[in-house]
Amino acid sequence: MKKLIPLALILITFYPVCSILLSACSDNENCSLEGRQMVNCTFKTRNSNNTAFVNDTLDSLTVTAIGTDSIIINRQQSVHKISLPLRYTNDSTILIFHYTRYLRDTVIFSHTNTPYFLSMECGYEMRQALKGVYVSPSQMMDSLSVTNTQATTNESTENIVFYMY
């Protein structure tokens, strides 16, 4: 009986420690740490001298996705930068930029979707790269420039610059 008490104490002490160590091996990655990769866009316009481009701020912007009932940005005020998701299931994403009730642009993003294996716990993530961006004839957008084709979780990375009238 005297030998059972120290054995019980050892089991009571080491069982929780062993279970924590064993479970920590399977949960060492935080799968949601990175977040979803997005395309980061900025808006620019010509300065008053018409010699260079400067940051532009839109009064209001709503962005919706064609083919879904999704509202990606809902009446955001004073917009200079936005982050936009791309569809995983298609190789193109069509978004409508609503500036006012009647002023809007349709933007088509052509992209590749490449599954990338992270780990057994996290599974796959989708890596996306832009192939091209097209804007319907517009009253608000003059042109655009793709500065980085790879969608990213880093908000400071600029993918597209929209040049506004």
Side-chain angles (χ1 to χ4, degrees), residues 23-47 50 52-165:
S23 67
C25 291
S26 64
D27 293 330
N28 62 353
E29 289 191 52
N30 186 354
C31 298
S32 63
L33 183 65
E34 286 287 319
R36 182 169 182 185
Q37 295 180 354
M38 305 284 250
V39 173
N40 299 307
C41 308
T42 57
F43 298 96
K44 295 194 177 193
T45 190
R46 288 212 179 261
N47 65 1
N50 215 17
F53 286 100
V54 295
N55 292 337
D56 192 10
T57 302
L58 303 176
D59 294 334
S60 176
L61 180 65
T62 298
V63 178
T64 58
I66 288 208
T68 68
D69 59 354
S70 297
I71 297 175
I72 297 166
I73 297 173
N74 190 15
R75 294 187 213 149
Q76 186 173 337
Q77 304 294 316
S78 301
V79 181
H80 168 66
K81 284 181 136 181
I82 56 174
S83 295
L84 301 171
L86 298 175
R87 294 181 77 164
Y88 289 152
T89 56
N90 291 342
D91 59 356
S92 65
T93 302
I94 304 173
L95 301 177
I96 300 176
F97 288 44
H98 305 264
Y99 308 107
T100 66
R101 187 171 182 175
Y102 302 107
L103 283 175
R104 56 183 60 132
D105 286 324
T106 302
V107 182
I108 302 169
F109 299 88
S110 175
H111 52 87
T112 59
N113 299 320
T114 307
Y116 177 77
F117 180 73
L118 290 174
S119 67
M120 291 299 287
E121 291 83 16
C122 297
Y124 285 86
E125 78 173 3
M126 193 64 71
R127 297 212 172 153
Q128 297 174 304
L130 292 170
K131 292 193 297 186
V133 182
Y134 313 97
V135 178
S136 63
S138 170
Q139 295 177 338
M140 294 292 291
M141 282 189 204
D142 179 28
S143 60
L144 64 90
S145 170
V146 177
T147 57
N148 185 354
T149 60
Q150 190 64 44
T152 181
T153 57
N154 184 356
E155 290 183 16
S156 65
T157 301
E158 179 181 79
N159 296 97
I160 300 171
V161 177
F162 291 109
Y163 299 103
M164 310 303 282
Y165 284 117

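- Pairs engaging residues 53-67 under the side chain to side chain donor-acceptor pair (under 3.5 Å) rule: Thr64-His98 [sequence neighbours left out].
- For the residue pair Asp105 and Pro137, the shortest heavy atom distance occurs at OD1-O, 4.4 Å.
- Contact annotation: the side chain of Met164 never approaches that of Phe53 to less than 4.5 Å [non-hydrogen atoms, C-beta and beyond].
- Between Thr152 and Gln37 there is no side-chain heavy-atom pair separated by less than 4.5 Å.
- From Thr42, atom OG1 reaches atom NZ of Lys81 across 7.0 Å, with rounding to the nearest 0.5 Å.
- Contact between Tyr165 and Ser138 at its shortest, heavy atoms only, is CE1-O, 3.9 Å.
- Counting non-hydrogen atoms of other residues, nucleotides and ligands closer than 6.0 Å to OH of Tyr102 gives a total of 12 or fewer.
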- Item | Full working for side-chain contact (heavy atoms from CB on, under 4.5 Å) between Phe117 and Glu125 | CA-CA 7 Å; Phe117 180 73; Glu125 78 173 3; over 6 Å; no
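- Of the inter-residue distances, the one linking Ile108 atom CD1 with Ser136 atom OG reads 7.5 Å to the nearest 0.5 angstrom.
- Taking CZ from Arg36 and OG from Ser83, the interatomic distance works out to 11.5 Å, rounded to the nearest 0.5 Å.
- In this structure, Thr149 contributes its side chain and Leu130 its backbone to no donor-acceptor pair below 3.5 Å.
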- Task: Check step by step if side-chain contact (heavy atoms from CB on, under 4.5 Å) holds for Leu144 and Val161.
- Result: CA-CA 6 Å; Leu144 64 90; Val161 177; over 6 Å; no
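- Note that the OG1 atom of Thr153 and the CD atom of Glu155 stand 9.0 Å from one another [nearest 0.5 Å].
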- Message: Ile66 vs Ile96, test: side-chain contact (heavy atoms from CB on, under 4.5 Å). Steps then yes/no.
- Response: CA-CA 7 Å; Ile66 288 208; Ile96 300 176; 3.7 Å; yes
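- Taking the six-membered ring for Trp and the full ring otherwise, the centers of Phe43 and Tyr163 sit at least 6.0 Å from each other.
- Inspection of the Ser156 and Asn154 side chains reveals an N or O donor paired with an N or O acceptor under 3.5 Å.
- Residues Thr93 and His111 bring a donor and an acceptor atom of their side chains to less than 3.5 Å of each other.
- For the atom pair CG of Leu61 and CD1 of Ile72, the computed distance is 10.5 Å after rounding to the nearest 0.5 Å.
- From Thr45, atom OG1 reaches atom CE of Met140 across 9.5 Å, with rounding to the nearest 0.5 Å.
- Geometric assessment of Arg87 against the ring of Phe109 yields a negative cation-pi assignment under the 6.0 Å and 45° thresholds.
- In this structure, the side chains of Asp142 and Phe162 stay at 4.5 Å or more apart for every pair of heavy atoms.
- Aromatic pair Tyr124/Tyr116: centroids not less than 6.0 angstrom apart.
- Residue Phe97 forms a side chain to side chain contact (heavy atoms under 4.5 Å, CB included) with just one option from Val79, Leu84, Leu103, Ile73, and that option is Leu84.
- Side-chain contact between Ile94 and Thr106 is present, with at least one heavy-atom pair separated by less than 4.5 Å.
- Looking at Asn159, its side chain does come within 3.5 Å of a backbone N or O of Gln150 through a donor-acceptor pair.
- In this model, no donor atom of one side chain and acceptor atom of the other lie less than 3.5 Å apart for Asn40 and Glu158.
- One N or O on the side chain of Gln77 and one on the backbone of Arg75 form a donor-acceptor pair closer than 3.5 Å.
- Counting only heavy atoms from C-beta outward, the side chains of Thr112 and Lys131 approach each other to under 4.5 Å.
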